[in-house]
Amino acid sequence: MAKRVLIRGAQVVLPDGIALTNVLLQDDKILAVDAGWDQSCQEIVEATGHYLLPGVIDDQVHFREPGAEHKEDLESGSRACAAGGVTTFLEMPNTSPPAVDHERLAWKYLRAAKVSRVNYGFYIGATDSNLDALRAATQLKGVEPQGKSICVPGIKIFIGSSTGDLLVDSQGALEEIFSSTQLPICAHCEDESTVRANRAMVGENPTIQDHSRIRDTRAATVATSRAVDLALRHKHRFHVLHASAEDELSLIRAGKPFVTAEACPHHFLFSIDDYARLGTLCQMNPALKSRQDAVAIWNALVDGTIQLIATDHAPHTIQEKQLTYPASPSGIPAVENCLPLMLNRANQGLCTLEQIAGWMSDAPARVWGLVGKGRIEAGYDADLVLVDMGLKRTVDNNVQFTRCGWSPWAGEVLQGWPIRTWVGGQTVFCQNQLLESVRGRAVLCDHSRGGYWSLTSGVGLR
Ligand code: DOR
């Protein structure tokens with residue numbers, strides 16, 4: 001018999017505004033909004049006084065499995081997701097070995113089916129020599145329990161190197177990838193030769209402040225400009241990962257409708273001024289820029305130049321992070337704190353819950369063609385998060401679910417926290433506890449919908 005759950009009396013963040021209403025779930029789907037109780041409901045969740053949002057979709061996380069499970073793995077990363085209201089993650093390929101072919105991707109999908117508490121998808125990484133694998137990733141066979149094939153969300157290119165050894169920066173290889181593949185492409189945009197030249201200029205014994213001189217605005221704009229040019233010439237959908245500099249924004253705007261972009265919370269909440277306080281704990285790639293850049297990135301979210309928020313959750317242990325620069329690795333964990341950080345901003349009057357649902361759920365679902373995801377609407381997947389906008393809590397390293405066990409926001413008091421998360425209609429997090437038996441599913445990607453701008457030109461899946 002179908003299982004029905006009624007979530008009663010929440011302020012529900014719907015695609016067209018917030019309404020005080022009930023949401024009825026049936027098995028893994030939303031059956032109806034504005035439904036009343038009837039005897040077929042096996043469970044009623046009283047949600048009066050709280051807000052119900054679509055589950056967060058984080059389109060950029062690094063969960064380190066295989067290869068660096070001491071920092072994080074698919075299980076621990078997905079538990080952190082559930083606690084943070086993230087019901088779907090898309091994971092990057094810079095694991096060890098990297099996910100650059102069918103075999104390694106299939107391994108990740110099968111592993112996630114076993115251990116992931118939330119829904120998942122995995123990008124295929126580009127190399128100088130894996131064009132065939134990039135083309136074939138539209139139909140990854142044998143990874144669904146039912147033997148169906150899966151289309152991966154997209155292709156990831158490291159146009160500049162970061163953690164791991166993935167790098168494609170030769171023009172010839174980039175032209176081939178943009179001209180002869182069908183999946184949407186996303187890229188880490190920091191120009192490799194600019195970074196190398198800056199590193200040489202900074203000289204020996206660089207300090208953490210030098211990180212932002214090495215990976216400067218020019219490194220970001222040269223690479224973003226190059227990638228946007230490729231997208232426009234080849235009419236290929238392209239997503240700029242973690243935009244960090246004000247000067248990238250005009251490039252992103254010029255790329256419409258082929259180009260979309262995202263911002264990470266650290267690039268609008270932190271700036272180079274934070275090195276004095278946090279040191280290598282706020283070392284990441286792309287590197288932090290000026291306060292003016294941080295303000296510009298936030299304003300670009302508000303004005304729609306940037307469509308979505310992702311975390312670039314990149315866990316390293318605190319011992320690794322405390323090494324002296326440049327031995328310290330780049331990256332910070334954020335997947336379980338991103339939603340509270342944004343809810344806190346909503347409480348400060350800096351944005352609305354509708355904007356948060358747009359940036360963190362609807363937009364990533366549209367960019368990556370995630371079927372049934374991103375909205376509270378009848379027929380959509382029952383991936384939901386209930387938040388208490390009055391709850392104040394201090395970010396505490398001792399209560400992080402991520403294996404790396406620390407947060408650059410530790411000590412900050414945030415108001416607005418997730419109190420319950422549903423994945424496919426099942427409660428996976430409630431009263432600060434994880435329900436360990438819940439498992440997510442592989443996302444289904446339908447790229448024929450044309451992405452965020454509903455692009456109908458172009459060929460094939462593009
Ligand atoms: O700072 C970063 N760390 N940026 C990236 O793009 C990769 C990430 C990681 O995997 O550690």
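Note that the numbering runs from 1 along the sequence shown for the chain. Order of appearance sets the numbers: ligands from 1, and atoms from 1 within every ligand.
Of the possible donor and acceptor atoms, none in the side chain of S271 sits under 3.5 Å from a partner among the backbone N and O of A294.
Nearest protein heavy-atom neighbour of atom 9 (C) of ligand 1: T163 OG1, 3.1 Å. For atom 1 (O) of ligand 1, the closest non-hydrogen atom on the protein side is N285 N, 2.8 Å. The nearest heavy-atom contact from the protein to atom 3 (N) of ligand 1 is S330 O, 3.0 Å. Protein heavy atom at the shortest distance from atom 6 (O) of ligand 1 is H188 ND1, 3.0 Å.
In this structure, K321 fails the cation-pi test against W406, since its NZ or CZ atom is not both closer than 6.0 Å to the six-membered ring centre and inside 45 degrees of the ring normal.
Each of the following atoms of ligand 1 lies closer than 4.0 Å to a heavy atom of S162: 2 (C), 4 (N), 5 (C), 6 (O), 7 (C).
A salt bridge links E436 with R117: at least one charged nitrogen is closer than 4.0 Å to a carboxylate oxygen. Between E75 and R403, no side-chain nitrogen of the basic residue sits less than 4.0 Å from a carboxylate oxygen of the acidic one, so the salt-bridge criterion is not met. Between R213 and D210 there is a salt bridge, since a side-chain N of the basic residue sits under 4.0 Å from a carboxylate O of the acidic one.
Note on ligand 1: R64 sits in its first shell, one or more heavy atoms being nearer than 4.0 Å.
Residue H316 places at least one N or O, backbone or side chain, under 3.5 Å from an N or O of ligand 1. At under 3.5 Å, not a single nitrogen or oxygen of A314, backbone or side chain, sits near a nitrogen or oxygen of ligand 1.
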